[in-house]
Amino acid sequence: MHPHQNLIDRLKEKDQEAFAKLYDAYSGAIYGVIIQICKSEVMAQEVLQDTFLAVWNNAGTYDAQKASFYTWLYRIARNKALNAVRNSQTKVIQNQESGVYESSEEEQKDDNFADIKGSLEKLKPHHRKAIELIYFNGYTHREAYQEMDVPLGTFKSYIRQALKQLKENYQKISILLLALIHVLR
Amino acid sequence: MKMNKENILKEGILESYFLGDLSREQEQEVFEIVQSDAELKRQFNELEQSMEKLAFENAVTPPAHIKEDLLKIIGGGTQTAEQSKVRELNTSSYKRYFRVAASVAILFMTSSLVLWMNLNTTNQELTARLNEQEVLLDSLSKVTKGALKNEELMAFVNNPETERHLLKGNKIAPEASVLSYVNHAEKSVLVHVHKLPKIDGKDYQMWADVDGEMIDMGVLDASKELLTMNYIENAESINITIEEEGGSDHPDVSNLIGSVTL
């Protein structure tokens with residue numbers, strides 16, 4: 001059972017309080033992902049707002065059997081962020097073609113957003129890059145292996161190994177906790 | 001591409017499924033396969049958990065106005081939402097403290113119970129081991145005593161100064177056979193009863209003949225094989241008579257069953 005199951009059920013019934021609580025619980029995590037894809041705070045804020053509006057409007061379609069709440073939220077956010085990035089790129093190209101100067105989202109991109117923390121930091125550089133491209137930058141597999149300049153098969157094995165490593169890291173933390181409880185006993 | 005468990009795992013389809021990159025049809029197909037395969041379902045859940053943790057590790061707090069705007073848009077109005085938030089925060093923080101306290105208490109109780117049960121088991125085991133040890137020590141001491149006895153006996157019997165005298169029964173008790181070991185230096189007599197037929201209400205008694213006078217050496221306990229008898233100085237012979245139960249002060253010579261000269 002999901003720890004927020006009660007809130008999710010209430011959200012489906014348009015309970016604003018539940019929505020606010022779920023926002024508090026997930027907005028930071030999902031904003032971190034969005035900001036990595038958009039590389040622009042202004043754009044990321046719009047995407048975050050759009051994402052949670054979609055959560056509010058489409059909560060009824062969420063099916064816990066298919067995916068966790070976070071996965072559902074992530075899919076919405078990733079889609080919206082990728083669309084926003086594509087739109088802004090089209091705008092830049094149009095502006096360049098028409099010769100009109102306009103401060104674009106592109107120019108506001110800040111490389112500081114690329115600072116990745118936590119378990120991802122501990123991965124080998126190529127594993128980490130593969131995960132970053134797919135998960136945080138919203139690349140498709142095809143775009144990502146071309147970006148990394150490796151064969152698709154190799155890229156897929158990077159992803160697999162990276163995920164395995166991440167899982168093991170998280171398990172290590174769990175084991176450490178269990179060991180601690182055991183020692184305290 | 002036809003989906004199956006193998007290519008879902010090998011081709012990174014599970015990841016694409018997580019990302020939401022599959023077409024609607026493919027997504028439905030993968031969903032059905034994942035639902036029907038416990039191993040795939042487990043892997044997908046682990047992937048979801050890893051990705052969620054990754055996101056929380058890289059969380060960035062968004063500006064506060066986004067929440068306010070959102071609550072305005074969905075029609076709740078910021079004030080009521082904020083008020084309810086404050087109220088909830090208080091109760092939920094109490095609840096949280098209560099939960100933490102309850103968890104700690106449960107953990108403590110559980111560990112105490114486990115410790116207590118372990119202690120009980122250990123105590124029982126210890127008692128059992130101690131009892132076993134006592135029994136073993138007892139047996140050991142018996143064996144040691146027995147061994148010492150046997151050793152002493154062997155030393156006594158093998159002593160060159162120890163004389164052996166076999167006393168055979170006469171007509172009265174033809175089966176009787178008693179072997180006496182006499183050591184004058186140590187002034188001790190040991191008797192090995194080979195055979196003495198049991199007679200109800202009577203006992204066999206051993207006498208030493210000193211200048212024609214019979215002196216009591218003791219009653220032969222027919223139930224024992226080896227007996228220590230009284231050593232009598234200057235005895236010329238050893239004699240066995242049948243006497244009343246418990247022995248007599250003077251021998252009934254008519255009931256003499258055997259004699260051996262020293």
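What you see below is based on every heavy atom in this structure, not just the backbone, and it leaves out hydrogens, waters and symmetry mates.
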Which word best sums up how the rings of F18(B) and Y74(A) line up, parallel for under 30°, tilted for 30 to 60°, or perpendicular for over 60°?
-> parallel

F19(A) portion near chain B, given a 4.5 angstrom heavy-atom threshold = side chain

Chain B contact via F52(A) - which portion, at a heavy-atom distance below 4.5 Å | both

Identify the heavy atoms of F56(B) and A25(A) that sit nearest to each other, and give their distance.
-> CE2-O, 3.3 Å

Relative to chain B, which segment of I159(A) carries a heavy atom at a distance below 4.5 Å: side chain, backbone, both, or neither?
-> side chain

So, Y135(A) side chain and M51(B) main chain: donor-acceptor pair closer than 3.5 Å or not?
-> yes

Out of N79(A), L163(A), V33(A), I131(A), which one racks up the most heavy-atom pairs below 4.5 Å with chain B?
-> L163(A)

Where the side chain of R75(A) meets the backbone of Y17(B), is there a donor-acceptor pair that is under 3.5 Å apart?
-> yes

Can you say whether A77(A) sits under 4.5 Å from chain B via the side chain, the backbone, both, or neither, judging by heavy atoms?
-> neither

Tell me, side chain or backbone of K156(A) under 4.5 Å from chain B's heavy atoms, or both, or neither?
-> side chain

Smallest separation among heavy atoms of G32(A) and V60(B), with atom names = CA-CG2, 3.8 Å

Would you verify whether the NZ or CZ of K66(A) falls within 45 degrees of the ring axis of F31(B) while also being under 6.0 Å from that six-membered ring's centre?
-> yes

Backbone N/O of S68(A) and side chain of E48(B): donor-acceptor pair under 3.5 Å | yes

Identify which of S157(A), G153(A), A29(A) forms the greatest number of heavy-atom pairs closer than 4.5 Å to chain B.
-> A29(A)

